[in-house]
Number of protein chains: 2
Amino acid sequence: MLMHNPPHPGEVLKELCIEPLGLTVTEAAKALGVSRKTLSAILNGKSGISPEMAVRLSIAFNTSSESWLNQQTQYDLWQAEQRREELHVTRLSVA
Amino acid sequence: MLMHNPPHPGEVLKELCIEPLGLTVTEAAKALGVSRKTLSAILNGKSGISPEMAVRLSIAFNTSSESWLNQQTQYDLWQAEQRREELHVTRLSVA
DNA sequence: ACACTTGTAACGTAACAGGTTACACTAAAG
DNA sequence: CTTTAGTGTAACCTGTTACGTTACAAGTGT
């Protein structure tokens, strides 16, 4: 159960990958093979990290695609959990 | 790094929740607060588990929403990894 | 025969990742 | 001061996907 608001993966990407390497958004986008707009949207929290983008990041930064997508999952899930009460769901199990 | 083709979360849902409780798709869909079509699509691998659906499942079956969404993430990622070679990405880091 | 369950086709909507082009802004370098 | 590089983002487009309702065909069991 997630307790705290997880950071948007874009922030992590910026702080752990882009800034340490002194990369510009334009450079990084070109290397990743996506448009500058797409990367910019991620870095500014306007869009999420897709499975394909996670793989791109894993290649460019020699990291784990799983870690990127898991971060996104935690973020998305926290958003959905905030609306837990609004979903009228009947309990089917007590296990 | 994922090595094996992960099962579709719908299969797991069917085998671990629906069938053990002797639930019909119609009943389960009603309890979850979604249409029969939506649940059927998930159970038959035609659509994935959304963040909101993960929360619904966690309420209905008293489980962890994280586990459901993580399963979906692993599944989606495995699909994306199959196309790893097709993405022309430049390595930016050797760390 | 009838009722129940199921998958699914055929429509629709909303959301979202991604693309191109173009604009305004900032900051640095000449 | 002008020029250049970098940036965010608006305005358009596409493709995909989750979800809804309605309706149909097929299977199963009473």
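Letters A, B, ... mirror the listed sequences (proteins, then strands); counts begin at 1. Computed from a predicted structure; not experimentally measured. When reading the values below, keep in mind they use all heavy atoms of this one structure, side chains included, and skip hydrogens, waters and symmetry mates.
- Remark: the B:W68 side chain and the B:S58 side chain contain no N/O donor-acceptor pair separated by less than 3.5 Å.
- Taking a cutoff of 4.0 Å between a charged side-chain nitrogen and a carboxylate oxygen, B:E81 and B:R84 qualify as a salt bridge.
- Heavy-atom contacts of chain B under 4.0 Å fall on DNA chain D between two terminal nucleotides, which in 5' to 3' order are D:dA18 to D:dA23.
- Of the residues in residues 8-28 of chain A, A:T24, A:V25, A:T26 come within less than 4.0 Å of DNA chain D through at least one heavy atom, sorted by number.
- Here the SG atom belonging to B:C17 is positioned 10.0 Å from the CG atom belonging to B:L43, to the nearest 0.5 angstrom.
- The two residues A:V89 and B:L32 make their nearest non-hydrogen contact at CG2-O, 3.6 Å.
- Atom CD1 of residue A:I18 and atom CG of residue A:L13 lie 4.5 Å apart, to the nearest 0.5 angstrom.
- Exactly one of B:Q79, B:Q74, B:Q72 qualifies for a side chain to side chain donor-acceptor pair (under 3.5 Å) with B:D76. That residue is B:Q72.
- Contact detail for A:M53 and A:V34: the closest heavy-atom pair is CE-CG1, 3.6 Å.
- Among all heavy-atom pairs drawn from B:A80 and A:V55, the shortest one is CB-CG2, 3.9 Å.
- In this structure, the side chain of A:E86 does not engage the main chain of A:R83 through any donor-acceptor pair within 3.5 Å.
- Closest approach of B:L77 to A:P51, counting heavy atoms only: CD1-O, 4.2 Å.
- A distance of 14.0 Å separates NZ in A:K30 from CG in A:L23, rounded to the nearest 0.5 Å.
- Annotation: side-chain hydrogen bond (donor to acceptor under 3.5 Å, both in side chains) contacts of A:S50 (sequence neighbours excluded): none.
- In this structure, B:A29 and B:L39 approach most closely via the heavy-atom pair N-CD2, 3.4 Å.
- In this structure, A:L21 and B:L92 approach most closely via the heavy-atom pair CD1-O, 3.7 Å.
- Only at 4.0 angstrom or more do the heavy atoms of residues 82-91 of chain B sit from any atom of DNA chain D, so none qualifies.
- Residues from residues 33-49 of chain A placing a heavy atom under 4.0 Å of any atom in DNA chain D, listed by number, are A:R36, A:K37, A:S40, A:N44, A:K46.
- With a heavy-atom cut-off of 4.0 Å to chain B, the contacted part of DNA chain C has its first and last nucleotide at C:dT5 to C:dA10.
- With rounding to the nearest 0.5 angstrom, the CD1 atom of A:I42 is 12.0 Å from the NZ atom of A:K14.
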